[in-house]
Amino acid sequence: MSAAGPSPALPVAPHPLLGIALIVGASACFAMLDALIKLLAERYSPVMLGWARYFFHLFVMLLVFGHSRGRALIRTRRPMAQIGRGAMLALSALSFFTAVSLLPQAEATAILSVAPMLVTAGAVWLLNERAPRGTVWALALSFAGVLLILRPGGGIDTWGAILSLAAAFFSASYALLTRVVAGADDPLATLFLGAVVALCCLTLVVPFVWRWPMSGWDLMLMVGTGVFGAFGHLLLVRAYMAASASTLAPFSYAHAACSLVTGLLFFGAFPDALSLAGMGLIVATGVVMALRRRTGP
């Protein structure tokens, strides 16, 4: 699962097409991560899956950056904000992994896609940023899209939908705290520390639901959650090094489109017409607002 909003502030190089390709690649990785979680959720607790996801995420980062970065991966000037980010990351993962076990992948991801709208509102109310024109209408339309997905008789699990919305709230909180540490800490350290804190939080409760992988295949899938999660976030970091946040923001919604594909390939599931309309409304609203932020009010 991807966090809402941009990565920490990075020096921007003028390679917009490369940045777009990288963020679409990151979205594909996150959709694959979600699909693997859904496959495993039939047999394992979301707490255990979240723990495995961040354990192998950290393992991959240590393999790739441990030697070259060393202690720089844990260096921070904002320790309390980093702890808060990691806690929100753990809560977001738990909420969404539970939701994706109850809902079709595409619908769960679409509901999660309201997170950028929540980030925009939170940035205005909490960080005193200027609201782009149409923010209130964008929030209203996003939630109208959620209601289309949740309509009576739509067959959507209510608790799954509530948990997807909770995941969006926690993901938005994570993104807002990321803005607080942006510029103060190294982006890779921020990525690493968030996963460390999330893993520590989940380690406190995973003994109560632990079970060893039932097969070598299940173990490979668990490793895959960490690999796709880590690789997706690394692509995200590289994307924001190649292009500006305003250029990339509309393409962050590729996650929802990729989830349609993985949901169909892995589970043979495709939303009905009204659910698809709700998903389209959420994504279209987010893209329009991202373009508006890019061009100014």
Side-chain angles (χ1 to χ4, degrees), residues 1-4 23-50 52-53 57 89 91-116 142 145-151 154-171 217-218 220-229 231-233 235-236 251-284 286:
M1 181 197 61
S2 63
I23 201 167
V24 171
S27 297
C29 286
F30 295 138
M32 282 296 299
L33 163 63
D34 298 341
L36 295 183
I37 291 294
K38 187 168 180 64
L39 286 170
L40 289 164
E42 298 177 358
R43 299 180 294 282
Y44 303 96
S45 162
V47 174
M48 181 175 168
L49 296 179
R53 181 255 186 273
H57 175 126
L89 195 59
L91 289 170
S92 178
L94 280 180
S95 302
F96 187 70
F97 290 174
T98 306
V100 87
S101 71
L102 300 172
L103 296 177
Q105 183 187 349
E107 281 86 337
T109 303
I111 295 172
L112 181 68
S113 295
V114 305
S142 291
V146 171
L147 292 176
L148 277 175
I149 296 171
L150 301 183
R151 71 195 182 281
I156 295 296
D157 186 276
T158 302
W159 279 110
I162 291 171
L163 286 166
S164 286
L165 284 172
F169 172 81
F170 292 130
S171 182
W217 176 246
D218 282 0
M220 288 178 61
L221 293 179
M222 290 180 188
V223 173
T225 65
V227 171
F228 279 113
F231 192 57
H233 279 288
L235 288 178
L236 206 59
F251 298 93
S252 64
Y253 289 90
H255 185 189
C258 292
S259 291
L260 280 173
V261 176
T262 53
L264 183 60
L265 290 177
F266 281 83
F267 310 105
F270 196 79
D272 61 24
L274 284 176
S275 292
L276 200 60
M279 295 166 63
L281 185 58
I282 293 169
V283 172

Non-hydrogen atoms of [X] and [Y] that approach each other most closely:
X	Y	result
V283	A256	CG2-CB, 3.8 Å
L235	C29	CD1-SG, 4.1 Å
A254	V24	CB-CG2, 4.3 Å
F30	G232	CZ-C, 3.6 Å
F228	L36	CD1-CD1, 3.7 Å
A99	G160	CB-O, 3.4 Å

Exercise. Could you tell me which residues satisfy side-chain hydrogen bond (donor to acceptor under 3.5 Å, both in side chains) with S164, sequence neighbours excluded, listed by chain and number?
Key: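 side-chain hydrogen bond (donor to acceptor under 3.5 Å, both in side chains) list for S164, sorted by chain: empty.
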Quiz item: Think K38 forms a cation-pi with F266, using NZ or CZ under 6.0 Å from the six-ring centre and within 45 degrees of its axis?
Solution: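 Not satisfied by the 6.0 Å and 45° rule.
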Distance-only check: which donor-acceptor pairs under 3.5 Å involve side-chain atoms of residues 105-114, not counting sequence neighbours?
| from | atom 1 | to | atom 2 | distance (Å) |
| --- | --- | --- | --- | --- |
| Q105 | OE1 | T262 | OG1 | 3.2 |
| Q105 | NE2 | A31 | O | 2.9 |
| Q105 | NE2 | T262 | OG1 | 2.9 |
| T109 | OG1 | Q105 | O | 2.9 |
| T109 | OG1 | S259 | OG | 3.1 |
| S113 | OG | T109 | O | 3.0 |

Exercise. Could you tell me whether the side chain of T225 reaches within less than 4.5 Å of the side chain of L49, counting heavy atoms only?
Key: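 The answer is no; the side chains never approach within 4.5 Å.
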Quiz item: Below 4.5 Å, heavy atoms only, C-beta onward: do L260 and P271 meet side chain to side chain?
Solution: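 A side-chain contact under 4.5 Å exists here.
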When rounded to the nearest 0.5 angstrom, what is the spacing between [atom1] in [X] and [atom2] in [Y]?
X	Y	atom1	atom2	result
L281	L276	CG	CG	11.5 Å
Y253	I23	OH	CD1	11.0 Å
D34	F97	CG	CZ	7.0 Å
I282	M279	CD1	CE	8.0 Å
H255	L33	NE2	CG	7.5 Å
S95	I162	OG	CD1	11.5 Å

Quiz item: Any donor-acceptor pair under 3.5 Å linking the side chain of S101 with the backbone of T98?
Solution: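 Yes; judged by distance alone, with no hydrogens or angles, the pair exists.
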Quiz item: Is atom CZ of F169 surrounded by more than 12 heavy atoms (other residues, nucleotides or ligands) closer than 6.0 Å?
Solution: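 No, the 6.0 Å shell around CZ holds no more than 12 heavy atoms from other groups.
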Practice problem: If a pair satisfies salt bridge (charged side-chain N to carboxylate O under 4.0 Å, His left out) and one of its residues is in residues 41-50, list it, with sequence neighbours excluded. | Solution: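 Listed once each, the pairs are R43-D218.
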